[in-house]
Each structure stands twice: as C-alpha cells, then as structure tokens.
Amino acid sequence: GRYDLIYRQYQNKQCSQDSDYLNHSLFKFVSFPVRGGRLAMQHYIRNCDERSEVGIDHSFFEQDREYWIGWSYFIPQNFIKPVIGEPDYTLIQQMGYKAAFRDQRNGLALFECNKKSIADGKLQKTSGAPGSHMSISPRGDTYNYTIAFYKGTDLEGRYIFGCKHFSIPARLNEWEDFVMNLKPSSDSERGFVKIWKNGKLYLNERVALLHPGVNSMAAWKIGAYVGNPGHGERLLYTDELRVGNANSSFKSVSPRDD
C-alpha cells in the first residue's frame, strides 16, 4: 500500500499547532470504540478548531481510473455541541477536483449548488468548498450526500457544476460501514460514484466529477470539518480505512468482522 499518500489535514486556524495537542486532542488513537484491530482514530474539534481530517492525496486518484474505498464511522450521541446562531452541520467526508478552489476564485468554475452563487438568476463568482461531500444532520439521523458534477461550459467558457443530493439513514453510538466505488472522469458516460452503507447500495450515479483538462481528483478526506473556528465542538471516530484500484473489490475494502 501507498501509506505515504495518507495524511492528516488541519489548518493554522486551530486552537494550537503544538504537536502534543495535534496528536492527543485533535487526532488521537483510542482503544474504544474500535471497529477492527486494536485502535481507532478519534477526531475531536474544539470551538477554536477548524478541522481534523484523514486524507488520501490527490495524486492517487487519476482521471478515468476506477477506485474502491472502505471505511467506518462511529458517531457518538454527543457528537455535536453547537453554538447558537452558527452553522450546526459537520462535514465528515469530502472530495473534489484538483484545481477547484483556484478555478472558483478566478471565476473559471461556477457552482450552481452553492446558494450564494446565484444572484438575480445568474451565477456569480464565489468561494467555498465546491466538491462532493457528506454531512450528518444535527440530530444524527441522516447522512446528507451531495455530488458536485460537471455539466458543461457557459458562453464565457466557464465550467459549470451542478449538484445532486441524496439521503442515507444514520444511527448514533454504533459503527457504520461504508464502501465507495468511483471513477473520476470529465465524461458522464465513463465516470460514476457508488456508495454502500452496511452492505446496502444507497447511491449509484453516472456523473462527471471533473471538468475537461483535469488529470486527477482532489484529495479524498474523512473526519470532522466545520469551515471556521467558532462553530462549536465535534466528536467522531473513524476506522478501517482501505483503498484499492480497479483490481480491488467491494469485499477487499469492506470493514471486516473479526
């Protein structure tokens, strides 16, 4: 395996950049709860933190190649401590295309799924996370998955992305197992995304995740992300992350029963 492609992502907007804080608060290996093996990773975001994510580097996911990914979540009952008047969501999985932020900042790509991007019926240049992502509802009863997909270009040659939304039931205080099968492509006839939870297929879409000229997908990440500090606290656990190429399979990346 290419373990050098797995990394932790946190920003300079954290409570602390001290290695002890990063290793024993923001990220922490724990012996309970554990889905498989001896340890799982605890992601704990305090109100002064932004994110605690485990990522797979974008250089792994090449255009028009197939991949399999498996992982498990444990979302505890007290996973969220919201701040009144601030967003109460948390993103727990996200991916995009490699140049998403650059293209959006420069007005080269516009996202219909970002409500802020539409003014007077027209798409406007915006900033913000433009990729596909999974969030969990404040009550913890639903995973909300959004696919951002390439639709074409406008008269000015800007790349236009639309969105499709899906709901997957969620349960707190127990491990839930996910498998994703995807092929990043700028051709909707070749590209696809499939997601299973606990062995049941919930999402099966042929979509173009990339716009033309992009040779790889952006980083694929799981964990906790709130956008900016001041959005409350988050606590969740991840385990059993497995990644494979087209030679892999549902069974080979699925979290295993000991």
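Hydrogens, waters and symmetry mates are skipped; everything else that's a heavy atom, side chains included, is used. This is a predicted model, so every value here is computed, not measured.
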Checklist entry - Could you go step by step and tell me if Ser216 and Phe60 meet the side-chain contact (heavy atoms from CB on, under 4.5 Å) rule? => result CA-CA 8 Å; Ser216 67; Phe60 183 84; over 6 Å; no

Item to check | Intermediate values then yes/no, side-chain contact (heavy atoms from CB on, under 4.5 Å), Met41 and Tyr237 | outcome: CA-CA 6 Å; Met41 180 167 283; Tyr237 303 85; over 6 Å; no

Next on the checklist: Would Lys183 and Leu209 count as a side-chain contact (heavy atoms from CB on, under 4.5 Å) here? Give the steps.
Outcome noted: CA-CA 8 Å; Lys183 179 185 284 188; Leu209 296 173; over 6 Å; no

Item to check | Residues Lys197, Glu176; criterion side-chain contact (heavy atoms from CB on, under 4.5 Å); working and verdict | outcome: CA-CA 7 Å; Lys197 193 202 80 166; Glu176 302 214 273; 2.8 Å; yes

Checklist entry - Which is it for Glu189 and Arg206 under the salt bridge (charged side-chain N to carboxylate O under 4.0 Å, His left out) test, yes or no, and what are the steps along the way? => result CA-CA 7 Å; Glu189 294 299 312; Arg206 286 200 169 275; 5.8 Å; no

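Within the 4.5 Å cutoff, the side chain of Arg46 has heavy atoms near those of the Ser25 side chain. Using a 4.5 Å cut-off on side-chain heavy atoms (C-beta onward), Met134 and Asn144 make no contact. Here the side chains of Leu182 and Ile69 are in contact, with some heavy-atom distance below 4.5 Å. Here the side chains of Leu172 and Pro76 are not in contact, with every heavy-atom distance at 4.5 Å or above. For the pair Met95/Ser132, a side-chain contact is recorded, criterion being any heavy-atom separation below 4.5 Å from C-beta on. Contact annotation: the side chain of Val193 never approaches that of Lys164 to less than 4.5 Å [non-hydrogen atoms, C-beta and beyond]. Considering only heavy atoms from C-beta on, Asn181 comes within 4.5 Å of Glu66 through its side chain. Here the side chains of Thr90 and Ile80 are not in contact, with every heavy-atom distance at 4.5 Å or above.
No side-chain N or O of Asn23 forms a donor-acceptor pair with one of Ser19 less than 3.5 Å apart.
The distance from atom CD1 of Ile75 to atom CZ of Arg234, rounded to the nearest 0.5 Å, is 11.5 Å. Distance check: Met180 CE to Ile195 CD1 gives 3.5 Å after rounding to the nearest 0.5 Å. Note that the CG atom of Asp64 and the OG atom of Ser185 stand 3.5 Å from one another [nearest 0.5 Å]. Within the model, atoms CH2 of Trp71 and CG of Asp239 stand 13.5 Å from one another, a figure rounded to the nearest 0.5 Å. Atom CZ of Phe27 and atom CD1 of Ile45 lie 8.5 Å apart (nearest 0.5 Å). In this structure, the separation between CD1 on Ile136 and CG on Leu236 is 8.5 Å, given to the nearest 0.5 Å.
Under a 3.5 Å cut-off, the side chain of Glu233 and the backbone N or O of Tyr44 do not form any donor-acceptor pair. Checking side-chain atoms of Gln63 against main-chain N and O of Val214 turns up a donor-acceptor pair under 3.5 Å. Between the Ser52 side chain and the Ala224 main chain, no donor and acceptor come within less than 3.5 Å of each other. For Asp49 (side chain) and Cys15 (main-chain N/O), a donor-acceptor pair under 3.5 Å exists by modelled atom type. With His165 contributing its side chain and Thr146 its backbone, the two residues share no donor-acceptor pair below 3.5 Å. Side-chain atoms of Asp57 do not come within 3.5 Å of backbone N or O of Leu5 as any donor-acceptor pair.
There is no path of hydrophobic side-chain contacts, each under 4.5 Å, that joins Leu210 to Leu108. Linking ILVMFWY residues whenever their side-chain heavy atoms come closer than 4.5 Å, directly or via other members, places Val54 and Tyr21 in the same cluster. In the hydrophobic clustering of this structure, Phe29 groups with Leu22; members are Ile, Leu, Val, Met, Phe, Trp, Tyr whose side-chain heavy atoms approach within less than 4.5 Å, directly or through other members. Hydrophobic cluster membership differs between Ile92 and Val30, with clusters built from Ile, Leu, Val, Met, Phe, Trp and Tyr side chains linked at under 4.5 angstrom. Both Tyr67 and Ile6 belong to a single network of hydrophobic side chains, linked directly or stepwise wherever heavy atoms of I, L, V, M, F, W or Y lie under 4.5 Å apart.
Salt-bridge annotation for Arg35 and Asp177: present, with a side-chain N of the basic residue lying under 4.0 Å from a carboxylate O of the acidic one.
In this structure, Arg51 is not positioned above the aromatic face of Tyr10 in the sense of NZ or CZ being under 6.0 Å from the six-membered ring centre and within 45° of the axis. For the pair Lys194 and Phe192, the distance from NZ or CZ to the six-membered ring centre is under 6.0 Å and the angle to the ring normal is within 45 degrees.
Aromatic pair Tyr73/Phe178: ring centres closer than 6.0 Å.
Other residues, nucleotides and ligands place no more than 12 heavy atoms under 6.0 Å from the CZ atom of Arg65.
If you run side-chain contact (heavy atoms from CB on, under 4.5 Å) between Lys221 and each of Gln9, Gln93, His133, only Gln9 comes through.
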Side-chain donor-acceptor distances from residues 147-158 under 3.5 Å, at least two apart:
unit_1: Lys151; atom_1: NZ; unit_2: Glu112; atom_2: OE1; d: 2.9
unit_1: Lys151; atom_1: NZ; unit_2: Glu112; atom_2: OE2; d: 3.4
unit_1: Asp154; atom_1: OD1; unit_2: Glu156; atom_2: N; d: 3.0
unit_1: Asp154; atom_1: OD1; unit_2: Gly157; atom_2: N; d: 3.0
unit_1: Asp154; atom_1: OD1; unit_2: Arg158; atom_2: N; d: 2.8
unit_1: Asp154; atom_1: OD2; unit_2: Arg158; atom_2: NE; d: 2.7
unit_1: Asp154; atom_1: OD2; unit_2: Arg158; atom_2: NH2; d: 2.9

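Of all non-hydrogen atoms in Ala219 and Tyr7, the two that sit nearest each other are CB-OH, 3.0 Å. Of all the heavy atoms in Phe61 and Pro184, the pair that sits closest is CB-CG, 4.5 Å. Gly244 approaches Ser248 most closely through the heavy-atom pair CA-CB, 3.7 Å.
Below 30°, between 30° and 60°, or above 60°: for His211 and Tyr159 the angle between ring planes is below 30°, a parallel geometry. Classification of the Tyr97-Phe111 ring pair by plane angle, with boundaries at 30° and 60°, yields parallel.
The hydrophobic cluster around Leu201 extends to Trp68, Val179, Trp196, Phe250, Val253, counting ILVMFWY residues whose side-chain heavy atoms fall within less than 4.5 Å of a member.
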